[in-house]
Asker: 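Starting off with a structure, shown below.
Sequence lines set the chain letters: A, B, ... in the order given, protein chains first and strands last, and positions in each chain run from 1.
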2 protein chains.
Amino acid sequence: MKKYNFSIEATLDIIGGKWKIVILCILMMGQRKRTSELKRMIPNITQKMLIQQLRELEKDNIILRKVYNQSPPKVEYSLTEYGESLTHVIDLMCDWGAVNIKKRIEEGEEIQLSLEEHDRIRN
Amino acid sequence: MKKYNFSIEATLDIIGGKWKIVILCILMMGQRKRTSELKRMIPNITQKMLIQQLRELEKDNIILRKVYNQSPPKVEYSLTEYGESLTHVIDLMCDWGAVNIKKRIEEGEEIQLSLEEHDRIRN
DNA sequence: CAGGATCCACGATGATACTG
DNA sequence: CAGTATCATCGTGGATCCTG
């Protein structure tokens with residue numbers, strides 16, 4: 001029987017994986033993504049970890065895995081309706097990160113940003 | 001030079017540690033906490049990990065470590081002003097977790113809750 | 001060739017004993 | 001009580017191999 005001392009632990013059980021939040025962040029931008037697209041957008045992730053984290057998110061009913069029976073194979077991932085309920089949480093985390101980066105840049109730290117995020121920070 | 005593809009990665013750099021969010025969740029309840037109190041409230045954490053995560057949060061200016069020069073030693077942790085800026089994020093994660101637990105209980109899963117969280121879920 | 005699985009190495013985490 | 005040191009274990013990273 002699962003035991004929680006804090007309800008936030010239930011949240012962490014689901015999005016606490018090392019890469020899950022970034023994956024969700026991408027899928028929340030709206031478009032379904034293929035495995036290879038996700039891999040390209042998260043250069044530091046291993047294919048193994050990508051697959052693993054996607055499987056867990058699928059098992060928890062957060063994302064949907066759609067397989068196209070064709071050659072070469074094609075698999076697309078998207079948010080489930082339940083997964084959508086995490087949007088506010090992830091959005092807020094994004095916003096906080098943007099403010100954090102902005103602050104650090106103003107303090108003189110050098111940070112390299114992707115083009116999209118660079119625009120994000122300026123606003 | 002630090003590189004971010006997504007601004008949410010900056011957030012994860014700071015609160016992505018395995019136990020940091022739970023620690024912050026506790027400190028956000030308002031009262032300063034001693035090391036031993038934190039340990040008692042998070043039974044599954046190792047003392048080593050507790051200290052380590054606290055050190056990192058302190059280095060990132062999220063929490064404040066106050067040492068009382070006395071014997072037996074006494075150390076208290078509290079949120080910094082900057083740490084307070086995470087309150088909304090953590091609160092939202094708590095709320096989502098509470099809804100998740102409620103849903104799972106309604107679906108028949110057996111979940112053991114601490115008294116405080118049990119009250120939380122009912123409302 | 002895209003998606004996925006397997007094997008091995010290493011770093012992060014866990015368990016325990018110990019110090020001031 | 002707070003914190004450290006040591007050693008064991010597990011999760012992650014990386015390369016390679018498999019499948020249609």
Asker: Distance criterion of 3.5 Å, no angle test: do you see the side chain of B:K48 paired donor-to-acceptor with the base of C:dG14?
Answerer: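 Yes.
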Asker: Give a yes-or-no answer on whether the side chains of B:D13 and B:Y4 include a donor-acceptor pair shorter than 3.5 Å.
Answerer: yes
Asker: Between D:dG3, C:dG3, C:dG14, spot the one nearest the side chain of B:W19, thanks.
Answerer: C:dG14
Asker: Within the structure shown, what part of the strands sits under 4.0 Å from A:T46 by heavy-atom distance: base, sugar-phosphate, or nothing?
Answerer: base
Asker: What integer distance in Å separates A:N69:CG from C:dG3:P?
Answerer: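 About 14 Å, once rounded to whole Å.
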Asker: Look at the side chain of A:E117 and the backbone N and O of B:S7, then say whether any donor-acceptor pair between them is shorter than 3.5 Å.
Answerer: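 Here the side-chain-to-backbone pair exists.
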Asker: Can the ring centroids of B:F6 and A:W19 be said to lie less than 6.0 angstrom from one another?
Answerer: no
Asker: A:N44 has an atom CG; how far is it from atom P of D:dG14, in whole Å?
Answerer: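 So the two atoms are 8 Å apart, to the nearest Å.
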Asker: Hey, which of these two, B:G17 or A:S36, hits DNA chain C nearer its 5' end, going by closest nucleotide?
Answerer: A:S36
Asker: Side chain of A:I51 only, please: which of D:dC1, C:dC1, C:dA5 is the nearest?
Answerer: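 The answer is C:dA5.
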Asker: Let me know the distance between CD1 of B:I45 and P of D:dA2, rounded to the nearest Å.
Answerer: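 Whole-Å distance recorded here is 14 Å.
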Asker: Have a look at A:R55 and say if it touches a base, only the backbone sugar-phosphate, or nothing, with a 4.0 Å heavy-atom cut-off.
Answerer: sugar-phosphate
Asker: Quick one: is C:dA2 close enough that its OP1 or OP2 comes under 4.0 Å of any side-chain N or O from A:S71?
Answerer: no
Asker: Give one of base, sugar-phosphate or nothing for A:Q52, where a contact means two heavy atoms less than 4.0 Å apart.
Answerer: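 Sugar-phosphate only.
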Asker: Round to a whole Å and report the spacing from NZ of B:K74 to P of D:dC1.
Answerer: 12 Å
Asker: Could you check how far CD of B:E37 sits from P of D:dC1, rounded to whole Å?
Answerer: 11 Å
Asker: What's the NZ-P distance between A:K39 and D:dA15, to the nearest Å?
Answerer: 11 Å
Asker: So is A:K74 actually on top of A:Y68's ring, under 6.0 Å and inside 45° of the axis?
Answerer: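 Here A:K74 passes the 6.0 Å and 45° test against A:Y68.
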Asker: At 4.0 Å (heavy atoms only), tell me whether B:Y68 reaches a base, stays on the sugar-phosphate, or touches nothing.
Answerer: nothing
Asker: Over all strands shown, is B:K18 touching base, sugar-phosphate only, or nothing at heavy-atom distances under 4.0 angstrom?
Answerer: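 Sugar-phosphate contact only.
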Asker: Take the protein atom CD of B:Q53 and the nucleotide atom P of C:dA12, then report the distance between them rounded to whole Å.
Answerer: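 B:Q53 atom CD is separated from C:dA12 atom P by 12 Å.
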Asker: Quick one: B:L50 CG to C:dA15 P, roughly how many Å, whole number?
Answerer: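 Nearest whole value for this atom pair: 14 Å.
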Asker: Taking for each residue the nucleotide of DNA chain D bearing the nearest heavy atom, is the 5' side occupied by A:M49 or by B:V75?
Answerer: B:V75
Asker: Check this one for me: any side-chain N or O of A:R34 less than 4.0 Å away from OP1 or OP2 of C:dA2?
Answerer: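 Checking C:dA2 against A:R34, no side-chain N or O comes under 4.0 Å of OP1 or OP2.
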Asker: Using atom types as modelled and distance alone, determine if a side-chain donor or acceptor of B:T11 lies under 3.5 Å from a backbone N or O of A:M93.
Answerer: yes
